[in-house]
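For reference, the structure discussed in these notes is given below.
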Amino acid sequence: MRVILLGGPGAGKGTQANYIKERYQIPQISTGDMLRAHVKAGTELGVAAKKIMDAGGLVSDDIIMAWSRSASRRTTARTAICSTAFPGRFRRRRP
């Protein structure tokens, strides 16, 4: 089973994911945490993402998907939670 929490920034995805993680003892994959880790580590994708964010933009869905796929492949758990403000495309369409 995979649980995916979708919602905009500040919607409470992280709060709910943390509750589910603790309650059911399952791993959590957070695209926001991944993004911050890549930026902090100075990886190639992290540097590119930081430039986009510093300019006020949203990191592309393709980059977020690549990170999410990579993280989901690394977990051996049959159950995981993914919390994300993805796809960003939906947020970009709002006035």
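Index from 1, following the sequence.
Hydrophobic clustering of Ile, Leu, Val, Met, Phe, Trp and Tyr side chains at less than 4.5 Å, counting indirect connections, unites M34 with M53.
I20 CD1 to I26 CD1: the interatomic distance, rounded to the nearest 0.5 Å, is 7.0 Å. Taking NZ of K21 as the reference point, atom CD of Q16 lies at 13.5 Å (rounded to 0.5 Å).
Listed by first then second residue, pairs satisfying ring pair (Phe, Tyr, Trp, His ring centres under 6.0 Å) with a partner in residues 44-66 number zero, not counting sequence neighbours. The list of salt bridge (Lys or Arg N to Asp or Glu O under 4.0 Å) pairs with a residue in residues 26-48, not counting sequence neighbours, reads D33-R36. For residues 40-62, there are no ring pair (Phe, Tyr, Trp, His ring centres under 6.0 Å) pairs, not counting sequence neighbours. Each ring pair (Phe, Tyr, Trp, His ring centres under 6.0 Å) pair with one or both residues in residues 29-64, not counting sequence neighbours, appears once here: H38-W67.
With sequence neighbours excluded, the residues satisfying side-chain contact (heavy atoms from CB on, under 4.5 Å) with Y19 are R23. By the side-chain contact (heavy atoms from CB on, under 4.5 Å) test, K51 is found to be paired with V47, residues two or more places apart in sequence or in another chain being considered.
Side-chain contact check for V59 versus L35: some heavy-atom pair is nearer than 4.5 Å.
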